Structure formats: structure tokens, C-alpha cells
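Reviewing the structure listed below.
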Amino acid sequence: MLEKKTIDHEKAVLIGIINREQSEGKVTEYLDELEFLTYTAGGEVVKRFVQRMDVPNPKTLIGTGKMEEVEAFVKANDIGSVIFDDELTPAQQRNIEKLLRCKIVDRTSLILDIFAQRAQTSYARTQVELAQYEYLLPRLTGLWTHLERQRGGIGMRGPGETEIETDRRIVRDRISLLKKKLLKIDRQMETQRGNRGALVRVALVGYTNVGKSTLMNVISKSDVFAENKLFATLDTTVRKVVIGNLPFLLSDTVGFIRKLPTQLVESFKSTLDEVREADLLLHVVDISHPQFEEHIESVNKILDEIDSADKNTIMVFNKIDLYKHAEIDEDDLVTERTERHFTIDEWKKTWMQRVGDKALFISALNKENLDEFRKRVYDEVRDIHVTRFPYNNFLYPEHLDEY
Ligand SMILES: Nc1nc2c(ncn2[C@@H]2O[C@H](COP(=O)(O)OP(=O)(O)OP(=O)(O)O)[C@@H](O)[C@H]2O)c(=O)[nH]1
Ligand SMILES: [Mg+2]
């Protein structure tokens with residue numbers, strides 16, 4: 001269920017293109033996610049436009065005819081933003097802006113906007129601001145006037161410099177300032193992490209909205225913010241958790257998403273240090289989501305980008321309470337049985353073949369199978385612990401139920 005807040009819902013339309021790489025079905029899925037992102041950002045989607053085209057129009061991405069259709073709709077319906085699923089070049093963005101005279105947003109800037117809204121701590125805010133400026137820099141091409149406030153008037157403009165150059169210089173200065181600021185906080189955090197001593201470190205990773213924070217809360221009896229919107233968590237939270245009598249550190253991290261803007265991965269690298277330095281990853285998956293396998297791929301890709309793809313990982317399939325498999329009527333002899341028809345048991349078997357006992361099926365919300373989850377995590381953490389401190393191993397029995 002979506003909790004609607006009293007934000008003034010700005011009306012938005014979505015635009016996607018179908019081509020050789022993305023089929024109609026895929027585009028529908030991508031636009032579903034884009035709609036969820038729009039909702040998270042405070043907007044309301046009133047219409048979607050989809051066009052089939054193999055070569056994008058260099059001027060406006062979609063074709064002229066389609067653009068006229070969009071223009072008519074935007075004007076007639078008081079639309080505040082037009083949101084594209086595909087990334088726009090700075091030139092395309094400018095051209096479309098001129099035509100439609102409303103906000104033109106692509107997936108990257110939408111995600112950046114959500115991050116900006118949700119950043120709570122000064123660290124997260126600094127990271128987001130850096131990502132925003134890096135997105136902005138190549139797009140500074142004269143049409144922008146929103147840097148006016150920061151220009152500071154007299155004396156700021158060097159002789160002979162054009163406005164765009166001044167803007168670029170201001171943005172570059174700001175970027176290097178922010179990088180310095182982050183570096184300083186990074187060092188402090190590194191020291192903090194160093195002080196945590198020898199405890200085994202476990203990190204929850206996964207696509208956004210899969211239930212990482214909910215699981216963190218039930219396991220550590222803490223109170224991390226969780227809600228049915230994307231990117232509820234931006235800052236890493238670390239908690240000391242004890243299972244049996246074995247203590248370890250559990251961290252909850254920012255959720256991943258398909259096409260996570262590179263600027264964000266870059267500037268959130270240090271938030272992701274927690275992942276990079278973890279001894280064990282719990283890769284949480286929302287098995288009730290129709291595209292959960294693609295989510296797994298996106299997450300693996302980002303883990304690869306931060307050099308963490310080879311880490312010891314347990315796959316945690318969450319939300320089994322919501323999972324429903326598609327059914328085929330007995331007299332239906334045409335429909336082929338596919339993964340969509342798998343029962344949870346079949347998924348269990350499939351994943352067991354792939355990763356052995358490193359797959360778990362739970363419901364964090366209904367607390368289903370949490371004992372099994374605790375036991376698996378205990379065994380894994382214990383193994384890491386006794387490998388690291390062999391002399392210590394008598395402290396921690398091989399089986400949790402000996403406690
Ligand atoms: N039905 C069901 N809902 C769940 C389960 N686990 C979490 N949820 C819901 O899923 C939504 C997202 O949960 P979060 O814990 O915020 O997810 P997250 O992975 O931390 O999300 P981000 O921080 O945004 O990346 C919330 O509305 C939870 O109540 C579950 O096992 N079953
Ligand atoms: Mg979270």
C-alpha cells in the first residue's frame with residue numbers, strides 16, 4: 001500500500017522508447033519503475049507516451065509527430081514535468097525544454113532529485129550535491145540561469161569571461177570543494193570503522209525497496225526508517241547484533257537501482273565502503289517483484305563496480321508472503337510453463353542448484369523463517385570468526401541450538 005502524503009502532487013507524463021534493445025514489455029516494466037520513482041519524488045503520472053524507433057532523433061529523442069502529440073497534451077493538461085526513461089543529451093534536453101516549456105527530467109536527474117530530497121545528514125547531502133554538480137557540468141550551455149544566486153555579483157566575473165565559462169568555473173570550484181569536504185569526512189569515518197575492532201562485518205545489500213531496513217530492524221531490534229518508497233535509506237546504519245552469543249556488525253546500506261547514475265555511484269563510493277569492507281554480504285531480493293531476477297543482475301553489476309562481486313554472499317529472498325506464481329488452467333494446453341509459474345519450492349530448488357545452501361527464503365514483515373535465517377548467518381559468521389581467531393573457537397559451538 002502506498003502512503004500518500006500531503007505533498008502537492010505535480011502532474012507528470014512519462015516517455016519511453018521501444019527499440020531492438022528494449023521490447024515493448026520491457027519498456028512497460030521500466031515505465032512502471034519510473035512511475036514509482038516519480039511518485040517517490042512527489043509527482044503524479046497522468047499519461048505515458050511510448051514510441052517505437054530504432055534510431056533516436058538527435059534533436060528531441062522521439063520523433064517530431066510524437067513530440068507534437070506530447071506538446072498538445074502538456075499544454076492542455078497543465079503538466080509540470082515530462083520525464084524520459086532514457087538519458088537525454090544536453091542538446092536534446094534544451095531543445096525539448098524550448099518546445100514544451102515545462103521541466104524536462106531524465107531518469108538520472110529524477111533519481112538525483114529523490115536523493116536530494118531524502119538526504120538527511122550533512123554527509124549524504126554533500127554526496128548528493130557533488131553528484132548533482134557533476135550531472136550539471138556538461139549541461140551548462142547558456143540556457144541556465146539558476147546559478148545567479150551563487151554568482152555573488154561584482155568582482156566574480158573575470159575579464160573577458162563569458163557567462164557560461166563563469167558558471168563552469170563556479171561549478172568546478174564547488175566540485176573540488178565538495179570533494180575535499182568528503183575526503184575529510186571519509187578519513188573520520190575510516191578511523192571510526194578502524195575503532196570497531198575485530199568484529200565480523202556483515203552488510204545488507206540489494207535493490208531499492210526489497211526490505212533491507214525491515215530485516216535490519218527485526219534482526220537487530222533497532223528502528224531504522226523503512227517505507228514503501230524508493231531510497232528510504234541513504235545513510236549507512238551500523239548495528240551490533242548478537243546471535244547465540246556471537247556478536248557481529250550488521251550494516252544497512254543505500255538501495256541499488258537499474259541504471260544508477262554513475263555520478264551517484266561515484267559520490268556514494270564511501271557510503272559503499274561498508275559493503276567493500278564487509279566479510280559477508282546478505283543480498284536481499286524482493287521475490288514478489290516480477291522483475292526480481294533483473295534486480296539481482298543490476299545489484300551484481302554495481303557490486304562489480306565497487307570490487308565486491310566476489311565476496312562471500314548469502315541470497316536472501318524476502319517477501320515470500322507476497323509471492324504469487326502464475327497459474328495455468330488444466331484445460332489450457334497452449335501456455336508454456338515458465339519461471340513465472342514456479343512455486344516457492346521450485347525457486348528454492350533452482351537456487352539451491354545455483355548457490356547450494358547460500359539461499360534463504362523469508363518474510364521479514366511476517367517474521368517467517370527468521371530462525372533459519374539467524375542460524376545460517378550464525379554459521380557463516382562463526383566460520384569467518386574462527387578462521388580469523390582460531391584460538392577463540394571453543395567459545396562458539398558449531399550448532400546454534402547448543403545454546
Ligand atoms: N509484504 C512484505 N512487505 C515487506 C517485507 N519486508 C519489507 N516489506 C515492505 O517493503 C517496503 C520496503 O521496505 P524497506 O525495509 O524500507 O526496504 P529497503 O530495502 O530498506 O529500501 P531502500 O532503503 O529504499 O533501499 C516497506 O513498505 C516494508 O514494510 C516482507 O517480508 N513482506
Ligand atoms: Mg532501507
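Whatever order the structure lists them in is the order used to number ligands and atoms, beginning at 1. Scope of the values below: all heavy atoms of this structure, side chains included, with no hydrogens, waters or symmetry mates. This chain uses plain numbering: 1 for the first residue, then up along the sequence. These numbers were taken from a predicted model, which means no experiment stands behind them.
When only interatomic distances are considered, the shortest N/O to N/O separation between Asp321 and ligand 1 falls below 3.5 Å. For ligand 1, the polar-atom distance check finds an N/O of Val210 within less than 3.5 Å of one of the ligand's N/O atoms. Residue-to-ligand polar distances place Lys319 within reach of ligand 1: an N/O pair is separated by less than 3.5 Å. Here's the thing with Gly211: one of its N/O atoms is less than 3.5 angstrom from an N/O atom of ligand 1.
Within the 4.0 Å heavy-atom criterion, the part of Asn318 lying near ligand 1 is the side chain and not the backbone. Both the backbone and the side chain of Leu365 come within contact range of ligand 1, each with a heavy atom under 4.0 Å. Under 4.0 angstrom from ligand 1, the non-hydrogen atoms of Thr208 come from both its backbone and its side chain.
Comment: Lys349 does not engage Glu346 in a salt bridge, judged by the lack of any side-chain N to carboxylate O separation of less than 4.0 angstrom. Salt-bridge annotation for Glu71 and Lys75: present, with a side-chain N of the basic residue lying under 4.0 Å from a carboxylate O of the acidic one. Using a 4.0 Å cut-off between a side-chain N of Lys or Arg and a carboxylate O of Asp or Glu, Glu69 and Lys66 qualify as a salt bridge. With salt bridges taken as basic N to acidic carboxylate O contacts below 4.0 Å, none links Glu297 and Arg258. Taking 4.0 Å as the cut-off between side-chain N and carboxylate O, Arg201 and Glu277 count as a salt-bridged pair.
Atoms of ligand 1 lying under 4.0 Å from any heavy atom of Ser213, numbered from 1 in the order shown and given with element: 15 (O), 18 (P), 20 (O). Interface of Leu322 with ligand 1, defined as ligand atoms under 4.0 Å from a residue heavy atom, comprises 1 (N). Using a 4.0 Å cut-off to heavy atoms of Gly255, the atoms of ligand 1 that qualify are 25 (O).
Not one N/O/S atom of Thr208, from backbone or side chain, sits under 2.8 Å from the Mg ion (ligand 2).
Taking a 6.0 Å sphere around NZ of Lys59, one finds it holds 12 or fewer heavy atoms contributed by other residues, nucleotides or ligands. Around CG of Asp310, the count of heavy atoms belonging to other residues, nucleotides or ligands within 6.0 Å does not exceed 12.
Contact annotation: Ala364 has at least one heavy atom less than 4.0 Å from an atom of ligand 1.
For the atom pair CD (Gln93) and NZ (Lys103), the distance works out to 12.0 Å, reported to the nearest 0.5 Å.
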